[in-house]
There are 2 protein chains.
Amino acid sequence: MKRDSRLSGVLHVLLHMAEAGTPMTSDALAKMMKTNPVVIRRVLAGLREHELVCSEKGHGGGWTLCRELQTITLHDIYLALNEPTLLAMGNRTEAPGCLVEEAVNSALNQAFQDAEALLLARFRTVTLAQLSSDFHQRMQARGFSGIHEHSIFSDNDTNSSEE
Amino acid sequence: MKRDSRLSGVLHVLLHMAEAGTPMTSDALAKMMKTNPVVIRRVLAGLREHELVCSEKGHGGGWTLCRELQTITLHDIYLALNEPTLLAMGNRTEAPGCLVEEAVNSALNQAFQDAEALLLARFRTVTLAQLSSDFHQRMQARGFSGIHEHSIFSDNDTNSSEE
DNA sequence: ATTTCACGAAACATTAATTGTTACGAGAAA
DNA sequence: TTTCTCGTAACAATTAATGTTTCGTGAAAT
């Protein structure tokens, strides 16, 4: 079964937005994520409803974070993504009339619920600020000199194009 | 994202096989699971490779459990299903060149790995014998009198058809 | 022997979910 | 008034999963 990478993708996007300081367009984000601008808008529209990001039209418009990094947890983002499925497995049917099915569901549900609870608990403990801090540490470790250079984020990002 | 219910389904099937005593045909199992006999064969073929079930052709043939219930854990079955994905979410890319991505992956992977480990640990502790025992307790609780009746397993199962 | 029953396996079809794309509208700045 | 950007709906493409058909093989019943 294929894994949903929207949470991972959104985190990537939000951290880049935090670094940018200025609004980032759907086009720019789409290129970073190697996807389509409309897909970016679709996902960020959900975050906007939860007031995690703001969008502005017109010249100089685009997407910005509208809350402090340290106030946004992974759980907030998970909620803003509309609580996507966490586990790839589930029971065949709920509301079974079959006693075998009931016994099976009961055993599996205990395991599934505990795993979900663990994940959500973790999500609550991680803030965007922590991820950002981790990112900056990695930059230090890679010998970033302190002021703007090419390829701050990656060897592939070409957003620091012609200057 | 849709959940994979093969584990749940296989458990259902195996417990019914355990109750039956005699070989069960793919057709009979398919009707129970409201699916196609070929689908049943596909799934059980994997279990056969791991020597959890045996199949026999011809009259009186079908599928039987070939190990004792108490020796089969959910983890054995999970392995026999070829270790299906446990979590519905994953990282956008591994092997990132982007430091933001690295920071994100690192944080998420910790949570994901812990949740997976929890699930697998649980799977190791549960045997088919326990599920079977749970099933029998549920039968008692429903007032099963002790000898064969109609609808042992469910109000829907029509395998105890004309007698 | 022949028929019937059952699995084995490959090829193909269908379905459902996700993702990508196009097109057009509306607001804001240059 | 032109350009930039998001908003939205409709549509297309892709992919994974599931279901179906068909024919082959072995085993038991007749």
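These figures come from a predicted structure and were not determined experimentally. So you know, we letter chains A, B, ... as the sequences are listed, proteins then strands, and number each from 1.
- Nearest-nucleotide assignment on DNA chain C puts the 5′-proximal partner with B:Gly60, out of B:Gly60 and A:Gly58.
- Taking atom CE on B:Met17 and atom P on C:dC7, their separation rounds to 11 Å, with Å as the unit.
- For CD of B:Glu116, the number of neighbouring non-hydrogen atoms (other residues, nucleotides, ligands) closer than 6.0 Å is greater than 12.
- One interatomic measurement links the two molecules: CD1 of B:Ile40 to C1' of C:dA9, which rounds to 16 Å at whole-angstrom precision.
- Ring planes of B:Tyr78 and B:Phe123: tilted class, angle from 30 to 60°.
- Between the C1' atom of C:dG20 and the CE atom of A:Met33 lies a distance of 15 Å, rounded to the nearest Å.
- At a cut-off of 3.5 angstrom, counting only N and O atoms as typed in the model, there is no donor on one side facing an acceptor on the other between the side-chain of A:His59 and the base of D:dT5.
- For A:Ser26, a side-chain nitrogen or oxygen approaches OP1 or OP2 of D:dC6 to under 4.0 Å.
- Comparing B:Ala45 and B:Gly61 by the nucleotide of DNA chain C that holds the closest heavy atom to each, the one mapping nearer the 5' end is B:Gly61.
- One can place CD of A:Glu49 at 13 Å from C1' of D:dT8, the figure rounded to the nearest angstrom.
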Worksheet entry | Where protein sits on nucleotides 10-24 of chain D, one letter per nucleotide: B base, S sugar-phosphate only, - none, heavy atoms under 4.0 Å | B------S-BBB---

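- Counting only heavy atoms from C-beta outward, the side chains of B:Leu120 and B:Leu86 approach each other to under 4.5 Å.
- A straight line from NZ of A:Lys31 to P of C:dT21 spans 13 Å, rounded to a whole angstrom.
- To the nearest 0.5 Å, atom OG of residue B:Ser55 and atom CD1 of residue B:Ile40 are 13.5 Å apart.
- For the residue pair A:Ser106 / A:Asn109, no side-chain donor-acceptor distance below 3.5 Å is found, with atom types taken as modelled.
- With no hydrogens or angles considered, no side-chain donor-acceptor pair links B:His16 and A:Glu101 at under 3.5 Å.
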